[in-house]
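Order of the sequence lines sets the chain letters (A, B, ...), proteins ahead of strands, with each chain counted from 1.
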Amino acid sequence: MTAIAFYNTRTRKKEPFSPIQPGHVGIYTCGPTVYGPSHIGNLRSQLSADLLKRFLLSENFEVSHVINITDVGHLVSDADEGEDKMELAARRSGETAEEIADRYTASWKEDRAAVNCLLPEQNPKATDHIQEQIQLGQSLDAGGFLYRIEDGVYFDTARFPRYAELAHLDLAGQEGAQRIAQVEGKRQPADFAIWKFAQEGVTRLQEWDSPWGRGFPGWHLECSAMSSKYLGEHFDIHTGGIDLATVHHTNEVAQSECGFGVHPWVNYWMHNEFLDFGGEKMSKSTGNVKTLSDLVEQGYDPLAFRYFFLQAHYRQQQSFNIEAMDAAAQGYKRLLTTVAALRKVSGEGDLEQQAPFEARFKAALGDDLNAPQAMAVVWDVARNAKLKEADRRDLLLGFDGVLGLGLSQAEVETEVFESEPRIDALLVQREEARSTKDFATADRIRDELAAEGIEVIDGAEGARWRRK
RNA sequence: GGCGGCGUAGCCAAGUGGUAAGGCACGGGCCUGCAAAGCCCUGAUCACCGGUUCGAAUCCGGUCGCCGCCUCCA
């Protein structure tokens with residue numbers, strides 16, 4: 001039995017993990033807002049949650065994982081003249097908000113699949129759960145937690161003494177407190193909208209009827225409404241990027257604890273840190289990669305990014321740059337090559353020999369998902385001459401259930417050769433030259449092929465080739 | 001202004017009181033006609049200053065630097 005402890009943002013401590021219902025874990029992960037493509041920083045959050053899920057599955061928990069799709073929210077900028085991204089995108093492409101949401105939802109799913117994220121048990125859309133959101137709002141209204149102003153219906157944070165608990169906020173000292181609340185009539189700067197009214201003369205892409213009037217749900221409501229629907233009003237783990245803790249998750253807690261009458265609403269809050277791009281702006285204009293597609297265009301395997309992700313702890317900022325990505329790609333390739341060779345080994349492994357490595361691997365992950373340490377165990381196994389190949393094979397393939405690096409599909413790259421009459425003929429010529437020790441000719445042929453992007457490999461059974 | 005994270009070898013990065021995991025790159029070696037692939041070997045006293053301690057990368061204070069949040073945000 002592996003000891004499992006996770007760092008809980010709520011208590012700022014590493015705590016032993018124990019689920020509400022023995023053997024079962026409910027996880028809610030904040031998903032994408034689908035008005036644009038998600039970048040590799042977003043992907044880190046998804047990978048963090050996926051690592052968590054895979055580890056718990058490997059510990060034989062039954063996991064219910066819910067990831068929301070936010071397809072309604074900031075429709076019109078309510079403050080200044082800032083343009084709404086959804087509308088802007090819609091206008092540019094001539095699509096509806098729904099079409100845009102569908103498109104980016106699809107690409108988000110493709111990205112997740114490309115890096116081997118397991119499918120969530122539930123993947124609900126906010127627009128499919130308007131009624132649930134309204135119900136939660138009504139419950140809050142009945143409890144006297146809401147007040148109505150011209151702009152919408154707001155949650156009165158003064159009614160919830162624990163408001164600052166999750167993020168350990170010092171509300172009085174916040175910059176927001178020094179400004180004038182942007183929305184006229186808000187009682188406290190931290191108060192947030194449960195329901196916003198459609199304004200006359202303003203064209204909104206999405207709006208619904210509610211007991212308070214026509215409009216749309218507040219930004220945070222969906223997560224509370226959907227998590228309770230699929231995981232219950234009190235569940236185990238909520239994950240998301242660290243930036244969400246201060247506002248989004250804090251507000252989720254407020255509306256959930258008040259609306260459902262529970263405390264704590266969520267037992268463990270796990271937040272992943274950001275990818276650090278140094279001083280360089282993450283934008284295509286500066287040539288800086290930011291989406292998974294960009295990486296793929298540059299020739300990286302999506303799973304090399306997963307390998308990159310596994311090299312750092314999820315709660316630590318991780319520097320991303322080309323040099324680091326190259327290092328990850330190279331390391332990943334080596335690991336694949338190693339496993340590919342081991343996959344051809346026959347014979348049974350010895351569980352007793354494997355046990356210590358298995359234990360180290362699990363202990364690393366059980367300690368707040370310390371993936372870097374787990375990877376050290378992976379390499380220890382991969383290059384351990386004292387272990388039988390069958391044991392190394394069994395261990396590495398077993399580890400991959402948690403790592404998700406696709407090791408079980410690893411092919412021996414040096415055996416993936418091609419055939420084409422013209423090139424095969426050149427190789428024959430080269431072999432003849434080599435046999436007469438005419439290395440100048442042999443090397444010339446190899447160089448010419450290399451110029452075409454063809455790699456020649458000499459082996460015991462003669463030379464073969466493949467495209468790089 | 002408030003809150004939080006970080007600064008470990010060229011790069012990524014574990015390690016939170018007992019004398020620095022792992023990966024990549026570099027260099028050297030084995031193998032090869034030469035390469036490639038693979039394998040082996042090799043490097044750091046932990047931003048800086050001061051303190052606590054028998055002992056600190058790890059605790060405390062200060063300095064410098066970097067990143068994030070407080071508005072939608074992974």
Side-chain angles (χ1 to χ4, degrees), chain A residues 9 12 29-33 35-36 38-49 70 73-74 77-80 82 84-86 164 167-179 182 189-190 219 239-248 250 271-279 307-308 310-335 337-338 341 360 364 367 370-380 382-383 385 412-414 433-435 437-440 442-443 446-447 450 455-459 463 468:
Chain A
T9 305
R12 299 279 166 98
T29 296
C30 280
T33 48
Y35 60 79
S38 51
H39 56 246
I40 56 178
N42 298 308
L43 208 48
R44 189 182 191 202
S45 289
Q46 299 298 310
L47 285 166
S48 297
T70 299
H74 32 283
S77 170
D78 38 16
D80 2 65
D84 171 70
K85 290 173 181 173
M86 192 72 120
H168 297 215
L169 302 175
D170 170 14
L171 290 171
Q174 306 253 82
E175 194 169 278
Q178 293 160 6
R179 294 192 212 136
Q182 293 196 344
W219 298 278
T239 79
I242 186 65
D243 57 313
L244 296 177
T246 322
V247 175
H248 184 54
T250 288
H271 291 103
N272 63 279
E273 259 295 351
F274 272 35
L275 235 39
D276 180 6
F277 295 86
Y307 182 97
F308 171 84
L310 289 169
Q311 285 190 304
H313 187 98
Y314 77 95
R315 257 181 334 102
Q316 223 58 52
Q317 289 182 10
Q318 181 177 18
S319 296
F320 180 90
N321 54 55
I322 290 304
E323 203 175 352
M325 190 58 218
D326 281 341
Q330 184 66 8
Y332 177 58
K333 186 179 160 197
R334 290 236 171 98
L335 186 60
T337 305
T338 302
R360 276 170 57 202
D367 183 14
N370 195 324
Q373 279 191 347
M375 288 305 287
V377 178
V378 166
W379 280 106
D380 190 15
R383 287 176 174 161
V412 177
E413 206 182 327
T414 53
R434 289 183 71 205
S435 64
K437 302 225 186 277
D438 178 8
F439 296 123
D443 290 346
R446 184 171 63 191
D447 291 344
E455 184 183 17
V456 176
I457 293 101
D458 294 324
K468 287 202 91 168

All pairs passing salt bridge (charged side-chain N to carboxylate O under 4.0 Å, His left out) where residues 38-49 of chain A contributes a residue, at least two apart
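Residue pairs with at least one partner in residues 38-49 of chain A: there are none.
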Tell me which pairs pass salt bridge (charged side-chain N to carboxylate O under 4.0 Å, His left out) where either residue lies in residues 313-325 of chain A, with sequence neighbours left out.
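The answer is A:Arg315-A:Asp368.
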When all nucleic acid strands are considered with a 4.0 Å heavy-atom cut-off, which category describes A:Gln318: base, sugar-phosphate, or nothing?
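Contact class for A:Gln318: sugar-phosphate only.
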At under 4.0 Å between heavy atoms, what does A:Leu335 touch on the DNA or RNA strands: base, sugar-phosphate, or nothing?
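Counting heavy atoms under 4.0 Å across all strands, no contact is made by A:Leu335.
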Set of side-chain contact (heavy atoms from CB on, under 4.5 Å) partners for [X], sequence neighbours left out:
| X | answer |
| --- | --- |
| A:Val247 | A:His220, A:Asn251 |
| A:Ala382 | A:Leu335, A:Thr338, A:Trp379, A:Leu396 |
| A:Ala329 | A:Tyr300, A:Ala304 |
| A:Ala433 | A:Asp438, A:Thr441, A:Ala442 |

B/S/- contact track for nucleotides 28-34 of chain B, protein heavy atom under 4.0 Å:
-----BB
Polar atom pairs (N or O), protein with nucleotides 22-27 of chain B, under 3.5 Å:
| residue | atom | partner | partner atom | Å |
| --- | --- | --- | --- | --- |
| B:G23 | OP1 | A:Arg383 | NH1 | 3.1 |
| B:G23 | O2' | A:Tyr307 | OH | 3.3 |
| B:C24 | OP1 | A:Arg334 | NH1 | 2.7 |
| B:C24 | OP1 | A:Arg383 | NH2 | 3.3 |
| B:A25 | OP1 | A:Gln330 | NE2 | 3.4 |
| B:A25 | OP2 | A:Arg334 | NH1 | 3.2 |

Could you let me know what B:G43 is paired to, Watson-Crick or G-U wobble, both distances under 3.5 Å, or none if it's on its own?
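Paired with B:G43, as far as the under-3.5 Å criterion goes, is no nucleotide at all.
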Using only side-chain N and O atoms of A:Ser319, determine if any of them is under 4.0 Å from OP1 or OP2 of B:A13.
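For B:A13, OP1 or OP2 has a side-chain N or O of A:Ser319 closer than 4.0 Å.
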[X] [atom1] to [N] [atom2]: how many Å, rounded?
| X | N | atom1 | atom2 | answer |
| --- | --- | --- | --- | --- |
| A:Arg315 | B:G15 | CZ | C1' | 14 Å |
| A:Phe277 | B:G68 | CZ | C1' | 13 Å |
| A:Gln316 | B:G7 | CD | C1' | 11 Å |

Compare the minimum distances between each of B:G38, B:G15, B:G5 and the side chain of A:Glu273, then state the nucleotide with the smallest one.
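Closest of the options to the side chain of A:Glu273: B:G5.
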Heavy atoms from C-beta onward define the side chain here; which of B:A74, B:C69, B:G15 lies closest to that of A:Leu275?
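The listed nucleotide nearest to A:Leu275's side chain is B:A74.
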Suppose we screen for ring pair (Phe, Tyr, Trp, His ring centres under 6.0 Å). Which residues come up paired with A:Phe308, at least two apart in sequence or across chains?
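Residues passing ring pair (Phe, Tyr, Trp, His ring centres under 6.0 Å) with A:Phe308: A:Phe305, A:Phe320.
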